Amino acid sequence: MFLLYEYDIFWAFLIISSLIPILAFLISGILAPIRKGPEKLSSYESGIEPMGNAWLQFRIRYYMFALVFVVFDVETVFLYPWAMSFDVLGVSVFIEALIFVLILIVGLVYAWRKGALEWS
């Protein structure tokens, strides 16, 4: 039988963890001073006087490298627990992990062929 009272701790945790950031933003919005002057609106460059416009366009290559890095970094995060419990999980989980890695390899080959990994 499905009993809702078993989830009381979960709902209390969910409500409290949602209220803490909301209260933090509300309190900081009420207590923080609002001063908008030329110094406040200027861009910060490590204590050096800003030169030129703060809005610069970056090449898309930087974002492509970052995206490929994030994809394979997340792959490592997913494969680590699998590797630690490999002997317990069995062959079916090995096949699932193999399919997961093959999909990522196909994506890497696609990005490579499209020239997304070329720096120049």
Side-chain angles (χ1 to χ4, degrees):
M1 183 171 176
F2 183 63
L3 302 173
L4 288 177
Y5 69 86
E6 293 178 358
Y7 293 98
D8 288 345
I9 295 173
F10 168 75
W11 291 115
F13 178 76
L14 186 68
I15 291 169
I16 291 171
S17 64
S18 298
L19 284 178
I20 288 175
I22 292 171
L23 287 175
F25 278 115
L26 287 175
I27 291 171
S28 69
I30 293 170
L31 297 179
I34 299 173
R35 295 185 196 117
K36 291 189 179 180
E39 288 295 320
K40 181 78 172 178
L41 296 176
S42 69
S43 60
Y44 179 73
E45 294 184 8
S46 300
I48 301 171
E49 288 293 324
M51 298 181 304
N53 192 2
W55 295 100
L56 299 174
Q57 289 185 346
F58 291 101
R59 294 182 61 184
I60 192 71
R61 299 276 181 216
Y62 298 118
Y63 297 109
M64 292 302 294
F65 269 84
L67 186 63
V68 170
F69 170 76
V70 166
V71 165
F72 286 99
D73 196 37
V74 169
E75 172 197 7
T76 305
V77 169
F78 281 129
L79 287 179
Y80 182 74
W82 169 79
M84 290 293 106
S85 58
F86 175 72
D87 55 345
V88 178
L89 296 175
V91 177
S92 64
V93 176
F94 174 74
I95 293 171
E96 290 175 6
L98 188 66
I99 291 170
F100 176 68
V101 170
L102 288 175
I103 290 171
L104 289 173
I105 289 173
V106 167
L108 178 64
V109 169
Y110 175 78
W112 196 346
R113 292 223 175 157
K114 284 290 191 178
L117 303 177
E118 298 293 327
W119 191 255
S120 59

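Since this is a predicted model, take the numbers as computed values, not measurements.
Residues meeting the side-chain contact (heavy atoms from CB on, under 4.5 Å) test with V109, sequence neighbours left out: I105, R113. With sequence neighbours left out, the side-chain contact (heavy atoms from CB on, under 4.5 Å) criterion links Y110 to K114. The side-chain contact (heavy atoms from CB on, under 4.5 Å) test applied to L79 returns E75, W82, A97, F100, V101, not counting sequence neighbours.
Side-chain contact check for F72 versus L104: some heavy-atom pair is nearer than 4.5 Å.
Other cluster members for L98: L102, joined by side-chain heavy-atom distances under 4.5 Å among Ile, Leu, Val, Met, Phe, Trp and Tyr. Under a 4.5 Å side-chain heavy-atom cut-off, the cluster of Ile, Leu, Val, Met, Phe, Trp and Tyr residues that includes L67 has no other member.
Residues F69 and V74 fall within the same hydrophobic cluster, defined by Ile, Leu, Val, Met, Phe, Trp and Tyr side chains chained together at heavy-atom separations under 4.5 Å. Residues I103 and I95 share a single hydrophobic cluster, defined by chaining ILVMFWY side chains whose heavy atoms lie under 4.5 Å apart. Side-chain heavy atoms closer than 4.5 Å link hydrophobic residues (I, L, V, M, F, W, Y) into clusters, and following such links, possibly through other members, connects L108 to V70.
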Please tabulate, for side-chain N and O atoms in residues 16-32, each donor-acceptor pair with protein atoms closer than 3.5 Å (sequence neighbours left out).
from: S17; atom 1: OG; to: F13; atom 2: O; distance (Å): 2.8
from: S17; atom 1: OG; to: L14; atom 2: O; distance (Å): 3.1
from: S18; atom 1: OG; to: L14; atom 2: O; distance (Å): 2.8
from: S28; atom 1: OG; to: A24; atom 2: O; distance (Å): 3.2
from: S28; atom 1: OG; to: F25; atom 2: O; distance (Å): 3.0

